[in-house]
Q: 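One structure coming up, written as C-alpha cells, with questions to follow.
Atoms within a ligand are numbered from 1 in the order they appear, just like the ligands themselves.
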Amino acid sequence: MYELPVLEPKLPLKALAVMTSGGDAPGMNAAIRGVVRTALNHGIEVYGIKRGFSGLLEDDMQLLDSQSVSNIVQRGGTFLKSDRCEAFKQPEVRAKTAQILRQKSIDGLVVIGGDGSLTGAHLLEEETGFATIGIPGTIDNDIFGSDDTIGFDTAVNTALDAIDRIRDTAHSHERHFLVEVMGRNSGFIATHVGIAAGAEMIVVPEHALDLEALSLQLASSRVAGHGSSGIIVVAEGKIPGLTGRLAEQLRIHGQKPHVCILGHIQRGGSPTGHDRVLASCLGAMAVKYLLAGYSDIMVGVRDGRIVDTPLDDLLRYRKGLDPELLNIALQLHR
Ligand code: F6P
C-alpha cells in the first residue's frame, strides 16, 4: 500500500479534462476512473478526451459521469482510446489545444501516458500556462521520477506466463529459446521477466551485446550436460529484428535456437491487482494535486510513497536500470 501525501484543496476548479496518450497500458482505465470519480466527488466536471492529443486537437471530448467509468477497472486498453500525435510536437499546435481547453472553461488537464506524452504535457504548460498533471502510464517502466508505471506489472506477468509455457517445450525438446519482450529503449521488462522466469541470459538495450560470450556460454552449458535447454530473454531494442539476427548468429556458432516474439500481447489484457491499485491511487491523487494548486508535475511512486516530480525533470534525467538486478539474474541461473 502507498503512503499518500496530505494536500489541502486551494483552487475552486470547475472542470478538468483527462486523456490517455501514447502506447496503451493495462490499468489506464482504472486511472481514468480514479480521476473521474475523485473529481466528481469534489464537484468538478470531467471531460474525457478521445485519442490523446490528436482528439484534443479535433475538440473530440465529452463530459463523463460516474456511470461512464463503471465496469472498466478490470479492462485492459483504454476506453478513451490513445494515439501518438506527431502534430503536437509543434508549438503552434500546442497553443491551439490550450485555446480549445480554455474555450470550454476547463481548468486543468490530466495526461496518462509515457515519456513522450508527459513531455507534451510539460511543453503545453510551459508555453501556454495551461495547468497539466502527468500520470506515468506505460508498460516499459522507463519514466524518471517513479519507481513504477501503470501497466508494467501486468506486462511482466503476461510475458512470464508465456515464458513458463515456452519453457515446457524448451525442456522437452532440449532447445534454447530466444524470447523477445517489449522495451525499445529500456530493459525493465526483460530484466524483471528474466529474473522471474529463471532465464539463462537477459539481453537489454542498456548493455552492449557480446555475441561471442553468449554463444560460448550456451555451447559450454550443453557440453557440461546441464542446461541443454534454456530461455534467453531479449528486449526488442531500437532496431527492429534484433532477436532474429541474434538467432542467425547463434546458428553460425552451432546453436539451434527458436525465436518467439511476444509483441503486443504484453500490452493487452486485464490489469493485475497491483496495477489497478497503483492506477486508482495515481488517478485520485492527480485531481488532489490539481486542487491543491500544483501544475506541470507528474504524480508517481517512490519508496512506497505517492510523490510529485516536476515534468521537466523527465527531459533532463533518465531512469537507469540497476545493474545489480542483472547480476542477480546471472548469479541465480548458475
Ligand atoms: O512504449 C510502450 C511500447 O509498448 C514499447 O515497449 C514498444 O517498443 C512500443 O510501445 C511499441 O509501440 P507501437 O505499438 O506503436 O509499435
Q: Could Asp140 and Arg184 be called an ion pair, given the rule that one side-chain N must be under 4.0 Å from one carboxylate O?
A: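 No.
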Q: Taking the basic N atoms (NZ, or NE/NH1/NH2) and the acidic carboxylate oxygens, is any pair closer than 4.0 Å for Lys14 and Asp107?
A: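 Not counted as a salt bridge, because no side-chain N and carboxylate O are separated by less than 4.0 Å.
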Q: Enumerate the atoms of ligand 1 whose separation from the nearest heavy atom of Arg84 is less than 4.0 angstrom.
A: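 Those qualifying, in numeric order: 9 (C), 10 (O), 11 (C), 12 (O), 13 (P), 15 (O).
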Q: Should the pair Glu248-Arg245 be classified as a salt bridge under the 4.0 Å nitrogen-to-oxygen rule?
A: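 Salt bridge between Glu248 and Arg245, a charged N being under 4.0 Å from a carboxylate O: no.
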Q: Return the option from Glu236, Arg267, Arg184 holding the heavy atom at the smallest distance from atom 8 (O) of ligand 1.
A: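 Ranked by closest heavy atom to atom 8 (O) of ligand 1, first place is Glu236.
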Q: Suppose we measure from atom 16 (O) of ligand 1 to each protein heavy atom; which comes out shortest, and what is that distance?
A: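 Protein heavy atom with the smallest distance to atom 16 (O) of ligand 1: His264 NE2, 3.9 Å.
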Q: What part of Gln266, side chain from CB on, backbone N/CA/C/O, both or neither, has a heavy atom under 4.0 Å from ligand 1?
A: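 Gln266 to ligand 1: no contact under 4.0 Å from either part.
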Q: To which of Val181, Thr149, Asp140 does the heavy atom nearest atom 5 (C) of ligand 1 belong?
A: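 Selected option, by shortest heavy-atom distance: Asp140.
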Q: Would you say the side chains of Thr158 and Arg267 form a donor-acceptor pair under 3.5 Å?
A: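 Note: Thr158 and Arg267 side chains miss the donor-acceptor criterion.
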Q: Between the side chains of Lys256 and Glu174, is the shortest nitrogen-to-carboxylate-oxygen separation below 4.0 Å, so that they form an ion pair?
A: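 Looking at Glu174 and Lys256, the cut-off is not met.
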Q: Any non-hydrogen atom of Gly183 lying under 4.0 Å from ligand 1?
A: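 For ligand 1, residue contact (heavy atoms, under 4.0 Å) with Gly183 is present.
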Q: Do the side chains of Arg316 and Asp313 get close enough for a salt bridge, i.e. N-O under 4.0 angstrom?
A: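 Salt bridge: yes.
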Q: For ligand 1, which part of Ile189 has a heavy atom less than 4.0 Å away: the side chain, the backbone, both, or neither?
A: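 No part of Ile189 is near ligand 1 at this cut-off.
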